[in-house]
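Every number for a ligand or one of its atoms is a count from 1 in the order of the listing. Just so it is clear, the values below take in all heavy atoms, side chains as well, and ignore hydrogens, waters and symmetry mates.
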Amino acid sequence: MTRLREWDLGTEDFAREAGLVGRILAVEASRHLSSRARRVRTPLEETEGSSLARLVCLVPVLRAGLALLEPFRELLPEASVGHIGIARDEHTLEARIYVERLPGNLADCEVFLLDPMLATGHSSAAALSVLKKAGARPEHLKLVCCVAAPEGVEVLNQEHPGVEILSAALDRKLNERGFILPGLGDFGDRLFGTI
Ligand code: URA
(Lines give C-alpha, C1' and ligand atoms only; values in the text may rest on other atoms or scores of the structure.)
Protein backbone atom coordinates (compact mmCIF):
# COMPACT_ATOMS: atom_id res chain seq x y z
CA MET A 1 0.00 0.00 0.00
CA THR A 2 2.86 2.38 0.78
CA ARG A 3 4.38 1.82 -2.67
CA LEU A 4 0.96 2.34 -4.30
CA ARG A 5 0.65 5.71 -2.60
CA GLU A 6 3.99 7.04 -3.92
CA TRP A 7 3.22 9.90 -6.28
CA ASP A 8 5.95 8.99 -8.81
CA LEU A 9 5.24 5.26 -9.12
CA GLY A 10 4.86 4.59 -12.88
CA THR A 11 1.92 2.81 -14.52
CA GLU A 12 3.65 -0.56 -14.82
CA ASP A 13 4.74 -0.59 -11.17
CA PHE A 14 1.38 0.72 -10.01
CA ALA A 15 -0.41 -2.15 -11.77
CA ARG A 16 2.01 -4.69 -10.28
CA GLU A 17 1.68 -3.36 -6.72
CA ALA A 18 -2.12 -3.17 -7.08
CA GLY A 19 -2.03 -6.82 -8.14
CA LEU A 20 -0.13 -7.72 -4.96
CA VAL A 21 -2.65 -5.90 -2.79
CA GLY A 22 -5.38 -7.65 -4.78
CA ARG A 23 -3.93 -11.09 -3.96
CA ILE A 24 -3.91 -10.32 -0.24
CA LEU A 25 -7.48 -8.99 -0.43
CA ALA A 26 -8.56 -12.10 -2.35
CA VAL A 27 -7.24 -14.33 0.44
CA GLU A 28 -8.87 -12.22 3.14
CA ALA A 29 -12.19 -11.94 1.30
CA SER A 30 -12.30 -15.71 0.75
CA ARG A 31 -11.34 -16.63 4.29
CA HIS A 32 -14.91 -17.12 5.52
CA LEU A 33 -16.44 -18.68 2.43
CA SER A 34 -18.27 -21.80 3.51
CA SER A 35 -17.04 -25.12 2.21
CA ARG A 36 -18.45 -28.61 1.92
CA ALA A 37 -16.74 -31.94 2.27
CA ARG A 38 -15.49 -33.61 -0.90
CA ARG A 39 -13.70 -36.93 -1.17
CA VAL A 40 -10.45 -36.85 -3.10
CA ARG A 41 -8.26 -39.69 -4.32
CA THR A 42 -4.54 -39.03 -3.89
CA PRO A 43 -2.03 -41.30 -5.69
CA LEU A 44 -1.92 -43.30 -2.43
CA GLU A 45 -5.44 -43.39 -0.98
CA GLU A 46 -8.79 -41.67 -0.68
CA THR A 47 -9.17 -38.85 1.83
CA GLU A 48 -11.47 -36.05 2.89
CA GLY A 49 -11.07 -32.72 1.05
CA SER A 50 -13.32 -29.70 0.60
CA SER A 51 -14.75 -27.44 -2.07
CA LEU A 52 -16.68 -24.18 -1.98
CA ALA A 53 -20.28 -24.60 -0.83
CA ARG A 54 -21.65 -21.67 -2.86
CA LEU A 55 -21.02 -20.16 -6.25
CA VAL A 56 -18.91 -17.01 -6.35
CA CYS A 57 -19.40 -14.00 -8.58
CA LEU A 58 -16.80 -11.24 -8.98
CA VAL A 59 -18.00 -7.80 -10.06
CA PRO A 60 -15.33 -5.19 -10.83
CA VAL A 61 -16.53 -1.61 -11.05
CA LEU A 62 -15.05 -0.18 -14.26
CA ARG A 63 -12.36 0.98 -14.65
CA ALA A 64 -10.40 0.77 -11.40
CA GLY A 65 -11.93 -2.52 -10.22
CA LEU A 66 -10.23 -4.32 -13.13
CA ALA A 67 -6.99 -4.12 -11.11
CA LEU A 68 -8.44 -6.55 -8.58
CA LEU A 69 -10.16 -8.91 -11.01
CA GLU A 70 -7.21 -11.08 -12.08
CA PRO A 71 -5.84 -11.55 -8.53
CA PHE A 72 -9.31 -12.70 -7.45
CA ARG A 73 -9.67 -15.01 -10.46
CA GLU A 74 -6.31 -16.60 -9.67
CA LEU A 75 -7.67 -17.69 -6.32
CA LEU A 76 -11.26 -18.32 -7.45
CA PRO A 77 -10.95 -19.47 -11.09
CA GLU A 78 -14.45 -20.96 -11.14
CA ALA A 79 -16.11 -17.62 -10.23
CA SER A 80 -18.40 -15.95 -12.74
CA VAL A 81 -17.67 -12.31 -13.59
CA GLY A 82 -20.16 -9.47 -13.90
CA HIS A 83 -19.36 -5.90 -14.89
CA ILE A 84 -20.69 -2.57 -13.68
CA GLY A 85 -19.53 0.69 -15.25
CA ILE A 86 -19.99 3.84 -13.19
CA ALA A 87 -18.91 7.35 -14.08
CA ARG A 88 -18.57 10.02 -11.42
CA ASP A 89 -19.80 13.50 -12.25
CA GLU A 90 -16.76 15.66 -11.35
CA HIS A 91 -18.98 18.54 -10.18
CA THR A 92 -21.86 16.90 -8.30
CA LEU A 93 -19.83 13.74 -7.44
CA GLU A 94 -23.02 11.79 -8.27
CA ALA A 95 -22.72 8.29 -9.75
CA ARG A 96 -24.07 7.42 -13.23
CA ILE A 97 -24.28 3.78 -14.34
CA TYR A 98 -23.29 3.22 -17.99
CA VAL A 99 -22.70 -0.57 -18.10
CA GLU A 100 -24.48 -3.38 -16.31
CA ARG A 101 -23.75 -6.97 -17.32
CA LEU A 102 -24.45 -9.52 -14.59
CA PRO A 103 -25.03 -13.27 -14.40
CA GLY A 104 -28.64 -14.32 -13.84
CA ASN A 105 -27.97 -16.41 -10.72
CA LEU A 106 -26.73 -13.71 -8.31
CA ALA A 107 -29.19 -14.88 -5.64
CA ASP A 108 -27.20 -18.13 -5.39
CA CYS A 109 -23.78 -16.46 -5.27
CA GLU A 110 -21.32 -14.99 -2.84
CA VAL A 111 -20.76 -11.67 -4.58
CA PHE A 112 -17.54 -9.68 -4.27
CA LEU A 113 -17.88 -6.12 -5.54
CA LEU A 114 -14.38 -4.93 -6.49
CA ASP A 115 -14.13 -1.15 -6.19
CA PRO A 116 -10.65 -0.02 -5.05
CA MET A 117 -11.46 3.52 -3.80
CA LEU A 118 -14.36 3.99 -1.36
CA ALA A 119 -14.53 7.79 -1.35
CA THR A 120 -17.94 9.50 -1.07
CA GLY A 121 -19.55 6.06 -1.21
CA HIS A 122 -21.97 7.18 -3.97
CA SER A 123 -20.64 4.89 -6.69
CA SER A 124 -20.21 1.84 -4.43
CA ALA A 125 -23.71 2.42 -3.01
CA ALA A 126 -25.14 2.67 -6.54
CA ALA A 127 -23.31 -0.52 -7.57
CA LEU A 128 -24.60 -2.37 -4.49
CA SER A 129 -28.16 -1.27 -5.33
CA VAL A 130 -27.72 -2.66 -8.85
CA LEU A 131 -26.49 -5.97 -7.42
CA LYS A 132 -29.35 -6.22 -4.93
CA LYS A 133 -31.90 -5.44 -7.65
CA ALA A 134 -30.36 -8.25 -9.69
CA GLY A 135 -30.93 -10.66 -6.78
CA ALA A 136 -27.76 -10.51 -4.66
CA ARG A 137 -28.43 -10.95 -0.95
CA PRO A 138 -26.88 -8.43 1.49
CA GLU A 139 -25.52 -11.20 3.74
CA HIS A 140 -23.73 -12.69 0.71
CA LEU A 141 -22.39 -9.39 -0.61
CA LYS A 142 -18.97 -7.98 0.19
CA LEU A 143 -17.37 -4.75 -0.98
CA VAL A 144 -13.61 -5.08 -1.50
CA CYS A 145 -11.47 -1.95 -1.70
CA CYS A 146 -7.87 -0.81 -1.34
CA VAL A 147 -8.53 2.54 0.37
CA ALA A 148 -11.65 3.66 2.21
CA ALA A 149 -12.59 7.10 3.56
CA PRO A 150 -14.64 7.31 6.78
CA GLU A 151 -17.30 9.34 4.91
CA GLY A 152 -17.80 6.54 2.40
CA VAL A 153 -17.94 3.87 5.08
CA GLU A 154 -20.68 5.84 6.85
CA VAL A 155 -22.73 6.25 3.67
CA LEU A 156 -22.53 2.52 2.96
CA ASN A 157 -23.38 1.55 6.52
CA GLN A 158 -26.50 3.72 6.27
CA GLU A 159 -27.58 2.78 2.74
CA HIS A 160 -26.53 -0.87 2.77
CA PRO A 161 -26.47 -2.13 6.36
CA GLY A 162 -25.31 -5.72 6.56
CA VAL A 163 -22.97 -5.47 3.58
CA GLU A 164 -19.46 -6.16 4.78
CA ILE A 165 -16.62 -3.86 3.71
CA LEU A 166 -13.09 -5.22 3.35
CA SER A 167 -10.44 -2.54 2.81
CA ALA A 168 -6.63 -2.66 2.84
CA ALA A 169 -6.54 0.85 4.39
CA LEU A 170 -8.86 3.27 6.16
CA ASP A 171 -7.69 6.81 5.41
CA ARG A 172 -8.32 10.16 7.10
CA LYS A 173 -10.95 12.04 5.11
CA LEU A 174 -12.09 13.40 1.75
CA ASN A 175 -10.94 16.71 0.33
CA GLU A 176 -13.35 19.23 -1.23
CA ARG A 177 -13.05 17.48 -4.65
CA GLY A 178 -13.98 14.08 -3.24
CA PHE A 179 -10.43 12.68 -3.27
CA ILE A 180 -9.27 10.57 -0.36
CA LEU A 181 -6.55 12.01 1.92
CA PRO A 182 -3.80 10.91 2.07
CA GLY A 183 -5.08 8.44 -0.54
CA LEU A 184 -3.21 7.66 -3.72
CA GLY A 185 -4.80 9.94 -6.31
CA ASP A 186 -7.05 8.71 -9.11
CA PHE A 187 -6.71 4.93 -9.10
CA GLY A 188 -8.05 4.40 -12.63
CA ASP A 189 -5.82 7.07 -14.15
CA ARG A 190 -2.75 5.71 -12.40
CA LEU A 191 -3.58 2.10 -13.34
CA PHE A 192 -4.14 2.85 -17.02
CA GLY A 193 -1.70 5.76 -17.50
CA THR A 194 -4.37 8.29 -18.41
CA ILE A 195 -3.10 11.06 -16.14
N1 URA B 1 -11.44 7.75 -6.71
C2 URA B 1 -10.10 7.67 -6.81
O3 URA B 1 -9.57 7.03 -7.73
N4 URA B 1 -9.35 8.32 -5.90
C5 URA B 1 -9.87 9.03 -4.88
O6 URA B 1 -9.13 9.58 -4.07
C7 URA B 1 -11.28 9.09 -4.80
C8 URA B 1 -12.04 8.45 -5.71
Side-chain angles (χ1 to χ4, degrees), residues 1-26 28-29 58-73 81-101 111-132 141-160 163-195:
M1 284 303 300
T2 303
R3 293 262 295 147
L4 264 190
R5 291 182 192 277
E6 276 172 345
W7 70 274
D8 58 350
L9 193 70
T11 304
E12 193 181 340
D13 291 333
F14 188 91
R16 195 191 57 246
E17 300 294 340
L20 289 177
V21 173
R23 286 197 185 103
I24 294 167
L25 288 170
E28 291 299 330
L58 308 172
V59 184
V61 175
L62 306 178
R63 293 177 298 167
L66 292 175
L68 302 181
L69 179 60
E70 285 314 314
F72 270 71
R73 290 189 90 184
V81 180
H83 291 86
I84 296 181
I86 302 191
R88 184 165 79 142
D89 186 303
E90 293 297 329
H91 302 292
T92 63
L93 305 183
E94 289 298 318
R96 184 177 59 81
I97 291 159
Y98 66 90
V99 173
E100 183 188 328
R101 193 77 193 253
V111 183
F112 293 147
L113 179 66
L114 311 177
D115 196 5
M117 302 300 278
L118 174 56
T120 61
H122 293 153
S123 61
S124 300
L128 288 170
S129 297
V130 168
L131 293 173
K132 283 182 178 172
L141 247 176
K142 194 176 284 197
L143 170 66
V144 180
C145 31
C146 296
V147 185
E151 295 90 331
V153 173
E154 201 178 320
V155 165
L156 286 199
N157 285 341
Q158 274 171 16
E159 292 190 22
H160 295 286
V163 173
E164 202 179 313
I165 303 170
L166 173 67
S167 183
L170 178 63
D171 276 13
R172 201 172 76 250
K173 65 168 192 160
L174 296 179
N175 72 8
E176 64 289 347
R177 290 175 54 223
F179 278 89
I180 301 175
L181 297 176
L184 48 74
D186 188 302
F187 195 103
D189 279 347
R190 298 196 64 193
L191 179 67
F192 293 113
T194 48
I195 299 168

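One N or O on the side chain of Glu151 and one on the backbone of Leu174 form a donor-acceptor pair closer than 3.5 Å. Judged by distance alone, the side chain of Arg190 and the main-chain N or O of Gly185 form no donor-acceptor pair under 3.5 Å. Between the side chain of His83 and the main chain of Val61, no donor-acceptor pair closer than 3.5 Å is present. Between the side chain of Asp171 and the main chain of Lys173, no donor-acceptor pair closer than 3.5 Å is present.
Closer than 4.0 angstrom to ligand 1 by heavy atom are Arg88, Met117, Ala119, Gly178, Phe179, Ile180, Gly185, Asp186, Phe187, sorted by chain and number.
Using modelled atom types and a 3.5 Å distance limit, the side chains of Ser123 and Arg96 yield no donor-acceptor pair.
Counting only residues at least two apart or in different chains, ring-ring contact (aromatic ring centres under 6.0 Å, His included) contacts with residues 168-191 comprise Phe14-Phe187.
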